[in-house]
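Okay, structure first, notes after.
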2 protein chains.
Amino acid sequence: MASIKDVAAEAGVSVATVSRVLNDHPSVSAEARTRVLAAVEALGYRPNAVARSLRTDQTHTLGLVISDVMNPYFTELARSVEEEARALGYSVIIGNADERPDLQDHHVRNLLDRRIDGLLVSPTDGGSPLMLDAVRAGTPVVFVDRWIPGVDVPVVRADGRQAVRDLVAHLHALGHRRLAIIAGPAATTTGQERVAAFREALHACGLELPDVYIGQGDFQADSGRRVTEGFLDLPEPPEVVFAADNLMALGALDAVRARGMRVPDDIALAAFDDIPWFVHTDPPITAIAQPTGELGRAAVRALVDRIEGRPPESVTLPARLVVRRSCGEDATQNRSKP
Amino acid sequence: MASIKDVAAEAGVSVATVSRVLNDHPSVSAEARTRVLAAVEALGYRPNAVARSLRTDQTHTLGLVISDVMNPYFTELARSVEEEARALGYSVIIGNADERPDLQDHHVRNLLDRRIDGLLVSPTDGGSPLMLDAVRAGTPVVFVDRWIPGVDVPVVRADGRQAVRDLVAHLHALGHRRLAIIAGPAATTTGQERVAAFREALHACGLELPDVYIGQGDFQADSGRRVTEGFLDLPEPPEVVFAADNLMALGALDAVRARGMRVPDDIALAAFDDIPWFVHTDPPITAIAQPTGELGRAAVRALVDRIEGRPPESVTLPARLVVRRSCGEDATQNRSKP
DNA sequence: ATCGTTCGTGGAATCGATTACACCGATACC
DNA sequence: GGTATCGGTGTAATCGATTCCACGAACGAT
């Protein structure tokens, strides 16, 4: 593959001049510029990004470490991150942690070794030493969706508290009183917060959240299935199951169906995270929708601000309730268009 | 960040010795080795992958350019590719082409600039000059899922012909005679092949595939919706719609529902590509399942073989039919467990 | 005519690694 | 005892870019 030397030789100038043309430095004669450009064209020359990065100490690359690519929420997040990064002149390398701290560390280490300019993380655990070191060492880091308390890093996330209150009010209005939740891992902020918000919302309606109605999940479909089975085996099963993410909701749906029960007639179901498929399930699932695309874009902007020396800002956007049919229907509502 | 020089100074040896220890070259004394290792530990030294790549002309990185990350099929493919690559000591950079040739080119160029060791592509179009140049220039390339005819590059893909025959036989046995297809873009091999296989299978059952029963889609949900509406407006609408991918099937489902019609009672639906969500839609959707994980792994193995100088092999694996309820039920079948 | 700028350019250092080559001391062999 | 061999080590070249510095030419001001 042609290097800058070949271009210089072909154009009859020095490598310095070629480099100046490539980085459109002002002091190059029009004459030299056209000769260099012609040589570039003739040789099909493309600058070696590796060499350039070594010299400039910039890779124009962002690392994104997410908890689970197979989760449509994170897929969409990854997509919006890549789009915004591209618009700002950066590439993105995605690392999938699969909700495993060891894999998360593997990817963080790998990205750091490649000298990415900044790191976008949705942490799987309470904070690996590796990541804390990276932050301390001055690597630009921004947390997205989840974060690690006590670490001084901008956070871009959705606040679901109001939406959860709306959901609980909706459920209460439909006559439901025994509400259960499938929680996410306690090591994640989203895992904790959603339970807290749910409990708080219940209190506001004068309801309790007994321990047996808190099932411990891990944000994967299987755990949703398992926890739901536990709920259904209870002497007094809940009337509603609220899953803290979309995959666990799917597992819950599965478990309910496997018993030959129907949603919402036998048990109601709601989920945190709205995804396109929830419109098409049987029944369509009531969910709390995050502004996923906006979160991804805001996270990239915060990170790039940090990288380029501007003060980065934390961002919190509201989530909102999307009512569908999985919790039953309001008697006052029009039922003609399901 | 500490460099190899700092380590050398700390350990009281030359950089050459440090490098030898790091690459466990045999001729280093035990004494020197332990001193270097101690220095590495003390400084928290990590080799700079950028500098290493420049020198060795290897990045230990694979590029993966896929047609659409939001499509669960490709998400799963990406995941299995990353897993296998990691097992073989490579990282993966994913580029999402979003079914757009210009974006595909952007990512291919970007990956080539970063001097990735090899490229895994599921081409969105008939072959951009850029990619053909790369192949000609000797860049290791492997096509996965889709390919470009006439280019001498290993292909890893699924053969759905038998599964399509099985599907058509299944539909025929259920009494369906008017079968339509939502095709993918003609510029993609999968877009063409699936129509051809469908037509061929119909012939085997003594049926025709009239032009009005071939709708042109683009592998995205919206096109499935649009094409299905067209089918339903026909004076004699089809009894079955077969979507050439999962997203278009979703659009089709949407269009059918919007008319207040029911699947499979009013119209049957089947799809190419099986995804976890098809189990939970209303009704569960009959689909042709590809061995996605296997495809991803085989593609990586082929590419790494090529990179490391072993002869790479093309791989074709069979797809298989998964019957669910979206095409109606066999009267002889047990209906108790839906 | 002389001096000081400005502009365009090339030489060479540099980034952080790998590795060919030279060297040195110790051992082995005749 | 002389020499070939070998293990361990350091020096320096190298990968492909960017960029500091010096230099020469052109030009305007005095």
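These values consider heavy atoms only, across backbone and side chains, with no hydrogens, waters or symmetry-generated copies. Note that this is a predicted model, so its numbers are computed, not measured. Just so it is clear: chains get the letters A, B, ... in the order the sequence lines come, proteins before strands, and each one is counted from 1.
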- Query: What is the distance from CZ of A:Arg55 to C1' of C:dA17, rounded to the nearest Å?
  - Reply: 15 Å
- Item | Polar side chain donor-acceptor pair, B:Arg146 to B:Ser67, under 3.5 angstrom | yes
- Message: Which is more 5' along DNA chain D, the nucleotide nearest B:Arg115 or the one nearest B:Ala30? Just name the residue.
- Response: B:Ala30
- Are any of the side-chain nitrogens in A:Asp102 or A:Arg100 under 4.0 Å away from the carboxylate oxygens of its partner? yes
- Query: Heavy atoms under 4.0 Å, any strand shown: does B:Ala32 hit a base, just sugar-phosphate, or nothing?
  - Reply: sugar-phosphate
- Item | D:dT18 phosphate, OP1 or OP2, under 4.0 Å from A:Arg52 side-chain N/O | yes
- Query: Ignoring hydrogens and geometry, is there a side-chain-to-backbone donor-acceptor pair from A:Asn23 to A:Ser19 under 3.5 Å?
  - Reply: yes
- Would you call B:Arg297 and B:Glu294 a salt bridge, using N to O less than 4.0 angstrom? yes
- Check the distance between C:dA17's C1' and B:Met1's CE and give it to me in whole angstrom. 15 Å
- Query: What parts of residues 6-29 of chain B reach DNA chain C, counting only heavy atoms under 4.0 Å away?
  - Reply: B:Ala16, B:Ser19, B:Arg20, B:Asn23
- Query: How many Å lie between CG on B:Asn48 and P on C:dA17, as a whole number?
  - Reply: 5 Å
- Which of these nucleotides, D:dG16, C:dA17, D:dT18, is closest to any side-chain atom of A:Leu54? D:dG16
- Message: Rounded to whole Å, how long is the line connecting atom CZ of A:Arg46 with atom C1' of D:dA17?
- Response: 14 Å
- Query: How many Å lie between CD on B:Gln58 and P on C:dA17, as a whole number?
  - Reply: 17 Å
- side chain to side chain contact (heavy atoms under 4.5 Å, CB included) filter on A:Arg310, not counting sequence neighbours, yields A:Val304, A:Asp305, A:Glu308
- Task: Could you state the atom-to-atom distance from CZ of A:Arg35 to P of C:dG8 in whole Å?
- Result: 15 Å
- Query: For A:Asp57 and C:dA13, what is the distance between atoms CG and P respectively, to the nearest whole Å?
  - Reply: 21 Å
- Heavy atoms only: give me the nearest A:Gln192-A:Ala186 pair and the separation to one decimal. NE2-O, 2.8 Å
- Query: So, the side chain of B:Thr139 versus the backbone of B:Val135: is there a donor-acceptor pair under 3.5 Å, distance only?
  - Reply: no
- Task: Nearest whole angstrom, please: distance from the C1' of C:dG8 to the CD of A:Glu31.
- Result: 12 Å
- Over its full length, what angle do the end axes of the helix from C:dA1-D:dT30 to C:dC30-D:dG1 make, each axis taken from five pairs and the result rounded to 10 degrees? 50°
- Query: Is there a donor-acceptor contact under 3.5 Å linking the side chains of B:Asp125 and B:Gln104?
  - Reply: yes
- Message: Are more than 12 heavy atoms, taken from residues, nucleotides or ligands other than B:Asp57, located less than 6.0 Å from that residue's CG atom?
- Response: no
